[in-house]
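Reviewing the structure listed below.
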There are 2 protein chains.
Amino acid sequence: MSPTRILILGALLDGPMNGYGVRRRLEIMGADQWANVAFGSIYHGLSKMADEGLLDVVEAGKGGKVVYAVNDTGRMEFYRLLMGSWSTVQPIIDPFQVALTFMDRLRKEEIVAALHERRRQLAMNVEATAQAVGAKQRYGAPGHVNENLRLMGAMLQAQLDWVEQAIPRVESDELP
Amino acid sequence: MSPTRILILGALLDGPMNGYGVRRRLEIMGADQWANVAFGSIYHGLSKMADEGLLDVVEAGKGGKVVYAVNDTGRMEFYRLLMGSWSTVQPIIDPFQVALTFMDRLRKEEIVAALHERRRQLAMNVEATAQAVGAKQRYGAPGHVNENLRLMGAMLQAQLDWVEQAIPRVESDELP
DNA sequence: TGACAGCTACTCAAATTTGAATACAAACTT
DNA sequence: AAGTTTGTATTCAAATTTGAGTAGCTGTCA
């Protein structure tokens with residue numbers, strides 16, 4: 001359900017690591033940007049999956065340090081989860097939908113002001129995302145991670161388009 | 001952080017209700033589609049916010065039934081959360097990004113097959129979303145809830161566009 | 001009338017998430 | 001060489017989420 005497991009398993013496919021290593025690997029992938037995986041959850045996920053037999057403890061070092069590796073069971077589970085995420089169109093969770101849902105609780109001027117501010121922020125984000133495409137490789141991320149950025153950029157652009165068509169509609173009292 | 005609180009408070013702005021009422025209200029808004037708020041969380045949120053003084057217990061009926069109402073503190077908190085969600089561009093969480101991130105773990109034919117299947121599903125979803133616009137009012141949802149659907153439709157379209165440009169690129173080994 | 005389906009309404013234990021707090025090591029500064 | 005910042009690495013209690021399970025209520029059809 002949540003992306004935690006698949007992200008951890010996927011990170012470990014690059015070789016045995018400890019929790020901190022998984023964390024950095026996910027940061028390189030940019031997963032910290034779009035997945036809500038707090039680092040505490042990584043440690044929990046690791047020890048849980050080790051209990052369940054998806055991971056092996058390679059090196060239980062002194063002072064708490066533990067290195068994990070995926071075994072065959074874990075690889076199969078990863079593959080299963082991966083196929084699931086390709087074939088199932090799950091809802092896209094956009095925090096802005098909350099704002100939209102309660103649009104009618106604000107006064108017209110508040111909405112217009114908020115929309116202008118949002119347009120500005122979205123334009124910046126679209127820009128930043130375009131810049132980031134290409135800047136990732138240097139940090140050891142595989143090239144197709146750019147596709148993530150491109151897709152994210154397209155989503156942001158869709159938001160921006162929505163905001164721009166919404167401004168005149170609110171001004172003319174068509175909305176809300 | 002999570003949308004639970006603001007959704008509960010927003011639902012209660014329409015008048016005092018019990019937990020089940022909040023749940024139905026959110027379903028009418030379509031919030032069950034894009035927010036991950038399990039109904040258990042509604043009951044937890046209600047009693048927590050009552051403890052914190054954001055809600056008043058209007059009627060502690062027999063057999064567990066409890067009706068809550070927002071008070072002024074709760075209204076202020078709602079407004080605060082709402083302004084936050086308008087002005088802050090938070091990352092859009094799309095479960096497909098996980099699939100994309102680990103694209104290189106599948107064989108070319110698997111990717112192509114998955115992309116075709118996904119294109120089909122996305123086209124259906126785009127269609128269904130377009131149909132749903134307009135079908136909501138009858139159930140007592142405010143008109144601007146349609147904007148939610150429109151925005152969601154635009155996001156799905158962006159996904160579909162990505163998939164369509166990706167297919168030839170995978171076939172020609174440009175990806176991954 | 002009573003039996004069955006479906007809606008209303010919630011509880012609760014288990015699982016997961018969260019991020020502040022902790023600790024030690026390496027690099028840098030003075 | 002002692003002190004300071006930065007990076008590595010994890011733990012843990014508290015908060016939240018989850019959804020199966022439970023139970024009453026209402027209509028309806030035989």
Side-chain angles (χ1 to χ4, degrees), chain A residues 1-9 11-12 15-28 31-32 34-52 54-55 57-69 77 81 90-91 93 95 98 139-140, chain B residues 1-9 11-12 15-28 31-32 34-52 54-55 57-69 77 81 90-91 93 95 98 139-140:
Chain A
M1 193 82 263
S2 96
T4 311
R5 273 162 180 257
I6 192 168
L7 287 173
I8 292 173
L9 288 169
L12 283 172
M17 292 175 210
N18 59 24
Y20 191 74
V22 171
R23 179 188 176 178
R24 274 181 316 179
R25 198 89 196 92
L26 295 182
E27 277 167 6
I28 287 169
D32 56 327
W34 48 262
N36 277 340
V37 181
F39 52 87
S41 304
I42 295 173
Y43 292 97
H44 176 261
L46 284 169
S47 70
K48 196 74 201 304
M49 289 196 284
D51 282 357
E52 291 172 7
L54 307 178
L55 303 179
V57 173
V58 167
E59 183 192 329
K62 57 268 168 189
K65 293 193 194 179
V66 187
V67 176
Y68 295 88
E77 175 67 1
L81 292 170
Q90 285 170 275
I93 296 171
V98 177
Y139 300 100
Chain B
M1 195 79 261
S2 96
T4 310
R5 272 163 180 255
I6 192 168
L7 287 172
I8 293 173
L9 288 169
L12 283 172
M17 296 176 209
N18 59 26
Y20 191 72
V22 171
R23 180 189 174 176
R24 275 182 317 180
R25 197 90 197 90
L26 296 182
E27 277 166 6
I28 286 169
D32 56 327
W34 49 261
N36 277 340
V37 181
F39 53 88
S41 304
I42 295 173
Y43 293 98
H44 175 261
L46 283 169
S47 69
K48 195 73 200 303
M49 288 195 286
D51 283 356
E52 292 171 7
L54 306 178
L55 303 179
V57 174
V58 167
E59 183 192 328
K62 57 270 167 189
K65 294 194 196 178
V66 187
V67 176
Y68 296 88
E77 175 67 0
L81 291 171
Q90 285 170 275
I93 296 171
V98 177
Y139 299 99

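Here is how names work: the chains are called A, B, and so on, in the same order as the sequence lines, proteins then strands, and each is numbered from 1. Computed over heavy atoms, backbone and side chain alike; hydrogens, waters and symmetry mates excluded.
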Exercise for review: Whole angstrom is fine here: how far is it from OH in A:Tyr20 over to P in D:dA9?
Suggested key: 7 Å
Check your understanding: So how far off straight is the helix from C:dT1-D:dA30 to C:dT30-D:dA1, going by the axes through five pairs at either end, to 10°?
Key -> 10°
Exercise for review: Could you identify which residues of residues 39-50 of chain A place a heavy atom less than 4.0 Å from some atom of DNA chain D, listed by residue number, or say none?
Suggested key: A:Phe39, A:Tyr43
Exercise for review: Please report, rounded to the nearest Å, how far the C1' atom of C:dT8 is from the CZ atom of B:Arg24.
Suggested key: 8 Å
Exercise for review: Apply side-chain hydrogen bond (donor to acceptor under 3.5 Å, both in side chains) to B:Ser41 and list each qualifying residue two or more places apart in sequence or on a separate chain.
Suggested key: none
Practice item. Give one of base, sugar-phosphate or nothing for B:Arg23, where a contact means two heavy atoms less than 4.0 Å apart. Key: nothing
Exercise for review: In sequence, state the C-alpha distance, the side-chain angles, and the governing distance for B:Val57 and B:Tyr68, and then conclude on side chain to side chain contact (heavy atoms under 4.5 Å, CB included).
Suggested key: CA-CA 5 Å; B:Val57 174; B:Tyr68 296 88; 3.9 Å; yes
Review point. Looking only at heavy atoms, what is the nearest atom pair of B:Pro95 and B:Ile93, with distance?
Key: CD-O, 3.7 Å
**Study point:** Whole-Å distance separating the CD atom of A:Glu59 from the P atom of D:dT8
**Key:** 17 Å
Study note, to complete from the structure: In whole angstroms, the gap separating C1' of C:dT16 from CG of A:Leu7 amounts to 15 Å
Point to revise | Distance test, side-chain N/O of A:Ser2 to OP1/OP2 of C:dT17, below 4.0 Å | key: yes
Revision key, fill the gap. Picking from C:dC10, D:dT8, C:dT18, the nucleotide nearest the side-chain atoms of A:Asn36 would be C:dT18
Check your understanding: Where the side chain of B:Val66 is defined as all heavy atoms beyond and including C-beta, which of C:dT18, D:dA9, C:dC10 is the nearest nucleotide?
Key -> C:dC10
Practice item. Would you mind reading off the distance between B:Ile6 atom CD1 and D:dT16 atom P, rounded to a whole angstrom? Key: 16 Å
Review point. Rounded to the Å, how far apart are B:Asn18 CG and C:dT11 C1'?
Key: 14 Å
